[in-house]
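All remarks here apply to the structure that follows.
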Amino acid sequence: MAETVLITGGAGFIGRHLAQAALAGGYRVRVLDSLIEQVHGGTKRPKGLPDGVEFMAGDVRDARAMARAVKGVDKVVHLAAEVGVGQSMYAVDRYVATNDLGTGVLFQCLIEHPVKRVVVASSMSIYGEGLYRGRDGALHEDVLRGPRGADGSWDPADAAGVPLVPVPTPEWKRPALASVYAITKFVQERLTLTLAPAYGMEGVALRLWNAYGPGQALSNPYTGVLAIFASRIHNGKPPVIFEDGQQLRDFVHVEDVARAFLLALDEPKAVGGVFNIGSGEHRTVNEVATLLASAMNRDDIRPEIAGVARAGDIRHCIPDLAKARAELGFEPRCDFKAGLAELAAWVAEQQADDRVTEARKELEARGLVA
Ligand code: UD1
């Protein structure tokens, strides 16, 4: 008989794509989701969940809802989380409650109803600054972002002021938790990898880089940068770029992320492991802003450089995918330009409320941009 997978937060952006992929992979799929207003715009019915998914409305902090959701399932993918790095720095109680208490409630229920495997969505944000190499070739694991350098550079530098060069970050790099969001993601990851084996279950954590693709919450001003930029451009406004826009990220298509979760649900070698999931290609925020405007046929819209940094943000972090390739069998397949074209075509059909200015004011009022 087909196995049943519970996806917490499964009505969200990654969850809907994963639900589709899991159905196609032969799973029965159950989703537990509270449809938070910031993401789902106040709807009571989940939009875009594929036919055949069993939907349960409920909050991960609610033990009764969770107990119902875990009953009879074989595997769990735990995606339910608050996801804004900037917002986590002031909505502290909400982030800690949903992300960490929510994971605690999940495991409390799993003690009663153990499953075969639990896969948790962790984040590259737990690394803080990624791995860097110095002039002498030495690797720097514990880079901290200081104030802006005397030359106006945002890049971390060595003691002599020479910029360090970002290199792909492997899973062994020590975490450096630079935001409330990162702290909560690390706790989720550790709870999973500690509690699953203690109760005879298999635990796996995926450290995701910046997921993008059709179905992102365009009207959520606290979501990922590509969705925010798409919403701005769609409304004829320039994307606002923090720092100088030269910060590096890895943008991974949501279909690749969904595939990584399916592998993490099945692969025997994955048990107990943490895996970086990205596209293997890094880009600056400036580059993605320009490429996206072009994909949306709005080359006339030039990004605006804010010249200030958001508290909790890191400068550069790019993934080393060697472990995911070797042990998970993960190989990113989606081409970035094709992905942007697909995103642009989808955005053109959407209505997106631009609430970015409000969100920026929330940060400014609390001194969280400087
Ligand atoms: C994002 C996700 C986080 C996920 C992580 C994995 C969100 C809100 N955050 O964090 O959940 O775990 O990826 O990699 O989805 N930027 C601008 N202008 C804007 C918004 C952002 O310049 O309007 C910049 C930021 O300062 C940052 C970069 O874009 O330098 C990426 O920001 P963001 O999309 O929030 O991603 P992460 O912080 O990397």
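Side-chain atoms are counted along with the backbone in the values below, which use heavy atoms only and exclude waters and symmetry mates. In this chain, numbering begins with 1 at the start of the sequence shown. As the structure lists them, so they are numbered: ligands from 1, and atoms in each ligand from 1.
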Can you tell me which residue and heavy atom of the protein come closest to [atom], and the distance to 0.1 Å?
atom                    : result
atom 38 (O) of ligand 1 : Val85 CG2, 3.5 Å
atom 1 (C) of ligand 1  : Asn210 ND2, 3.8 Å
atom 26 (O) of ligand 1 : Asp313 OD2, 2.5 Å
atom 35 (O) of ligand 1 : Arg310 NH2, 2.9 Å
atom 17 (C) of ligand 1 : Phe242 CD1, 3.4 Å
atom 3 (C) of ligand 1  : Tyr181 OH, 3.5 Å
atom 29 (O) of ligand 1 : Val225 CG2, 3.4 Å
atom 19 (C) of ligand 1 : Val240 O, 3.6 Å

NZ/NE/NH1/NH2 to OD/OE distance under 4.0 Å, [X] and [Y]:
X      : Y      : answer
Lys337 : Asp335 : no
Glu171 : Arg207 : no
Lys75  : Glu3   : yes
Glu281 : Arg283 : yes
Arg190 : Asp100 : no

| field | Note, Glu82 side chain near Ile36 side chain (heavy atom, < 4.5 Å) | value | yes

| Closest to atom 30 (O) of ligand 1 among Arg315, His316, Gln247, Glu243 (heavy-atom distance) | Gln247

Can you sort out which atoms of ligand 1 are near [X], meaning under 4.0 Å from one of its heavy atoms?
X      : result
Trp209 : 6 (C), 14 (O)
Val285 : 22 (O), 28 (C), 29 (O)
Gly224 : 7 (C), 8 (C), 15 (O), 34 (O)
Met124 : 6 (C), 14 (O)
Gly84  : 8 (C)
Ile228 : 23 (O)
Thr223 : 7 (C), 8 (C), 15 (O)
Ser123 : 4 (C), 5 (C), 6 (C), 12 (O)

To the nearest 0.5 Å, what is the distance between [atom1] ([X]) and [atom2] ([Y])?
X      : Y      : atom1 : atom2 : answer
Phe251 : His253 : CZ    : NE2   : 13.5 Å
Leu79  : Leu206 : CG    : CG    : 9.5 Å
Thr4   : Lys71  : OG1   : NZ    : 14.5 Å

| query | Less than 3.5 Å between some nitrogen or oxygen of Val83 and one of ligand 1, yes or no? | reply | yes

| message | For ligand 1, which is the ligand I care about here, please tell me if Ser125 has any N or O atom under 3.5 Å from one of the ligand's N or O atoms. | response | no

| Over all atoms of both residues, closest heavy-atom pair of Leu321 and Pro332 | CD1-CG, 4.1 Å

Name the atoms and distances for all side-chain donor-acceptor pairs under 3.5 Å in residues 157-170, with sequence neighbours left out.
unit_1: Asp158; atom_1: OD1; unit_2: Ala160; atom_2: N; d: 2.9
unit_1: Asp158; atom_1: OD1; unit_2: Gly161; atom_2: N; d: 3.0
unit_1: Asp158; atom_1: OD1; unit_2: Val162; atom_2: N; d: 2.8
unit_1: Thr169; atom_1: OG1; unit_2: Leu131; atom_2: N; d: 2.9
unit_1: Thr169; atom_1: OG1; unit_2: Ile318; atom_2: O; d: 3.4

| Region of Leu208 engaging ligand 1 - heavy atom pairs below 4.0 Å | backbone

| Just heavy atoms, cut-off under 4.0 Å: does Lys185 contact ligand 1 by side chain, backbone, both, or neither? | neither

| request: Could you please spell out the steps behind the salt bridge (Lys or Arg N to Asp or Glu O under 4.0 Å) verdict for Asp59 and Arg61? | output: CA-CA 5 Å; Asp59 193 301; Arg61 291 165 297 181; 2.7 Å; yes

| Within 6.0 angstrom of Arg94 CZ, more than 12 heavy atoms from elsewhere | yes

